[in-house]
Amino acid sequence: MADIGLVGLGVMGANLALNMAEKGYSVAVYNRTTEKTDAFIANAGSLAANLVPCKTLTGLAETVRPPRPIVIMVKAGEAVDEQAEVLAAHFSAGDILIDAGNANFRDTRRRVATYAARGIDFLGVGVSGGEEGARHGPSVMAGGKKEAWDRVADIFTAISAKFHGEPCAARVGPEGAGHFVKTIHNGIEYADMQMIAEVYGIMRDGLAMTAPEMAAVFAEWNDGPLKSYLIEISAKVLEVVDPLTGRPLVEDILDTAGQKGTGRWSAMEAQDLGVPATVIEAAVAARSLSARKTERVAGEALFGASDKALKGALGDKEQTLRILEEALLAGKIAAYAQGFDVMARASETWNWDLPLGTIARIWRAGCIIRSAFLDDIASSYTLMGTISNLMMVEPFTGMLRSSNRSLRGVVAAAALKGIAVPALSSALAYFDLSRTARSTADLTQAQRDFFGAHGFERIGAPGIVAHGPWAMSAG
Ligand code: NBP
C-alpha cells in the first residue's frame with residue numbers, strides 16, 4: 001500500500017509526486033484526465049517503482065495505507081471541494097485531507113470546520129517554488145491541527161527545500177494560517193516583481209540600455225544585498241535570445257501581465273485588517289493596468305509619449321545604476337515591512353500566533369521570494385522576538401538611512417520623465433508617512449467632524465471633542 005496519495009498531476013502535483021517518490025515514499029496518484037496519469041507514469045523513469053497509478057478517487061483512497069494522508073493539488077476553488085468530497089466519503093478517523101494548492105484561506109477555514117465536524121482532519125498547506133521547487137524542494141507553509149501536521153510532517157520536511165541544512169517546512173498555525181501565509185508570500189512576490197520591472201523600465205527607457213546590458217546589471221546585483229531568486233532569473237530572462245528573431249526574447253513578449261488571485265487577495269486582506277500594504281496594492285494595480293493594452297496605446301496617442309531619457313538626471317550611468325540598486329533595496333524593505341505587518345495583524349485578529357521568525361526562515365530557500373534579505377529578516381526575528389515594523393529595526397533602519405535618498409531620487413526623476421514607477425512611489429510614500437510625526441490627518445479629521453459630526457481629539461487634552469465650532473466660520 002502507498003504511504004500517501006496525491007490528486008492532480010498538473011505542473012505542481014506531478015513534480016511533488018516525483019519529489020516524494022525520490023525521497024523513498026510510495027505515492028498513489030490520480031488525475032481527472034486519465035491519459036495524464038498514464039503519461040506521468042511512463043515518463044517517471046526509475047521513480048515509477050514508487051508510484052501507484054489509480055484510475056478513480058475511490059481506487060486512490062483504497063490504495064493508501066490508513067491513516068491516509070491525501071494531497072489535493074488541483075486548480076483552487078470548486079475543484080478542491082469536489083475532490084475532497086469524494087475522498088471524504090471513503091475516509092475514517094485519522095485520515096487527513098491536505099489541500100496544497102493556492103486556496104483562499106477563507107475557503108480553507110470553511111473546509112477545516114466542515115471536515116472537523118465530520119471527524120476528518122483538513123490541512124491547508126501553501127507550497128511555493130513553482131515547478132522546480134515542487135520537484136526538488138519547495139517552501140512549505142502548513143495550517144491546521146498540530147496533531148494532523150505531526151502525522152505528515154516527516155514527508156513534507158523530507159521533500160522541502162533546505163537552507164544550510166534547515167528544512168523550509170513548518171506548521172505556521174491553525175486552520176487557514178498556512179494558506180494565508182502563502183497568500184502574503186505571493187503578495188510580497190508581486191511587489192518584488194513589480195519593483196524589479198520598474199527598475200528595468202528605467203534602465204530600458206531612461207538609459208536606453210540593451211537587454212544583455214541589463215542582464216549584466218542584474219547579474220552583478222545578484223552578488224550584493226539584492227541577491228535573490230527573482231534578481232537571478234531577471235538576469236537570465238534578459239540574456240535569452242529568441243531563436244525565431246535573433247533578438248532578445250523579452251522584446252517580443254506582450255506587455256500584459258496575468259494574475260491568478262493571490263496578489264489581489266493579499267491587498268484585500270490587508271485592507272480588511274486595516275494594514276497599509278500599499279506596495280503590494282500598487283503591484284496588483286500595475287498588473288491590472290498592464291492588461292489594458294488597448295487603452296494604454298490609445299492614451300499614448302492622445303497625450304503623446306514622454307521623452308523618457310534620463311539625460312544624467314541621476315548622474316552618469318554608473319552612478320545611476322548604483323542609485324537604482326539602492327532604490328530597489330529601499331523599496332524592498334518597505335514591501336516586506338508591509339507584508340510582515342499584515343501577517344502580524346492577521347495573527348492577532350484570528351489568534352493564530354503566527355511564528356513570523358519561522359516564516360522568514362522557511363522563505364529563505366525553495367520559494368520564489370527566497371533571498372539573502374530574508375536571512376537578515378530571520379536573524380532580526382531571532383534577535384528581537386517580535387518586531388512592530390521592519391523599517392524601524394536594524395539592520396533595516398541602517399539600510400534605509402542610506403538608501404531612502406536613492407529611492408527618492410529615482411521616484412522624482414521617473415516622475416519628471418513620465419516613467420511610471422507605482423510600486424517604488426508607494427514604497428517612498430509609505431516610508432515618508434511612517435516617519436512623519438505630524439501628519440495632515442488633522443485636516444481630514446476636522447472635515448469628517450464638519451460634515452459628519454464624527455468628533456476629534458484635541459492635542460494634549462483627554463477625551464473626544466463631540467463637535468467643533470464649524471458653524472462659526474460658516475456664519
Ligand atoms: P495545472 O494547471 O498544471 O494543473 C491543474 C490540475 O487541476 C490538473 O491536474 C487538472 O486535471 C486539475 N483539475 C482542474 Br484544472 N479542474 C479540476 C476538477 N474540476 N476536478 C479535478 N481536477 C481538476 O495547475 P498547477 O500549476 O499544478 O497548480 C495546481 C495548484 O497549485 C493551484 O492551486 C495553483 O494555484 C497552485 N500553485 C501553482 C504554482 C505554479 O507555479 N504553477 C505554484 C504554487 C502553487 P486535468 O489534467 O484533468 O485537467
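A quick note: this is a predicted structure, and the numbers were derived from the prediction, not measured. Both counts, for ligands and for their atoms, begin at 1 and track the order of listing.
With respect to R364 and D375, a salt bridge is recorded, a charged nitrogen being found less than 4.0 Å from a carboxylate O. The residues D95 and R68 are annotated as salt-bridged, a charged nitrogen and a carboxylate oxygen being separated by less than 4.0 angstrom. Taking 4.0 Å as the cut-off between side-chain N and carboxylate O, K236 and E232 count as a salt-bridged pair. Comment: R151 engages D121 in a salt bridge, judged by a side-chain N to carboxylate O separation of less than 4.0 angstrom.
Here the protein heavy atom with the shortest distance to atom 47 (O) of ligand 1 is K36 NZ, 2.7 Å. Nearest to atom 41 (O) of ligand 1 among the protein's heavy atoms is G130 CA, 3.4 Å. For atom 17 (C) of ligand 1, the closest heavy atom belonging to the protein is R32 NH1, 3.3 Å. Protein heavy atom closest to atom 4 (O) of ligand 1, with residue, atom name and distance, is G10 CA, 3.4 Å. Closest to atom 15 (Br) of ligand 1 among all protein heavy atoms lies K75 CB, 3.6 Å. Looking only at heavy atoms of the protein, atom 46 (P) of ligand 1 is closest to T33 OG1, 3.4 Å.
Around atom 37 (N) of ligand 1, the closest heavy atom drawn from N102, L6, I368, V11 belongs to N102. Counting heavy atoms only, V74 comes closest to atom 22 (N) of ligand 1 of the residues V74, V127, T262.
W350 and W352 have tilted rings, their planes meeting at an angle from 30° to 60° on a 0 to 90° scale.
In terms of polar-atom proximity, defined here as any N/O pair under 3.5 Å, N31 does make such a contact with ligand 1. The shortest N/O to N/O separation between S128 and ligand 1 does not fall below 3.5 Å. Distances between N or O atoms of M12 and those of ligand 1 include at least one value under 3.5 Å. Residue K260 has no nitrogen or oxygen atom sitting less than 3.5 Å from a nitrogen or oxygen atom of ligand 1, judged on distance alone.
Ring centers of F340 and W363: under 6.0 Å apart, within the cut-off.
Within a 4.0 Å radius of atom 2 (O) of ligand 1, the protein contributes no non-hydrogen atoms.
No side-chain donor from either of Y229 and E132 sits under 3.5 Å from a side-chain acceptor of the other.
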Can you check side-chain hydrogen bond (donor to acceptor under 3.5 Å, both in side chains) on Q259 and S288, steps first, answer last? CA-CA 8 Å; Q259 47 182 324; S288 302; 3.2 Å; yes
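Atoms of ligand 1 found under 4.0 Å from any heavy atom of A76 (numbered from 1 in listed order, with element): 33 (O). Interface of G8 with ligand 1, defined as ligand atoms under 4.0 Å from a residue heavy atom, comprises 9 (O).
With a 4.0 Å cut-off on non-hydrogen atoms, Q83 touches ligand 1 through its side chain and not its backbone. Proximity of K182 to ligand 1, defined as any heavy-atom pair under 4.0 Å, is confined to the side chain (atoms from C-beta onward).
No more than 12 heavy atoms of other residues, nucleotides or ligands lie within 6.0 Å of CD in E78, so this atom counts as exposed by the packing criterion. A 6.0 Å sphere centred on CZ of R292 holds no more than 12 heavy atoms belonging to other residues, nucleotides or ligands. In the displayed structure, E220 atom CD is contacted under 6.0 Å by at most 12 heavy atoms of other residues, nucleotides or ligands.
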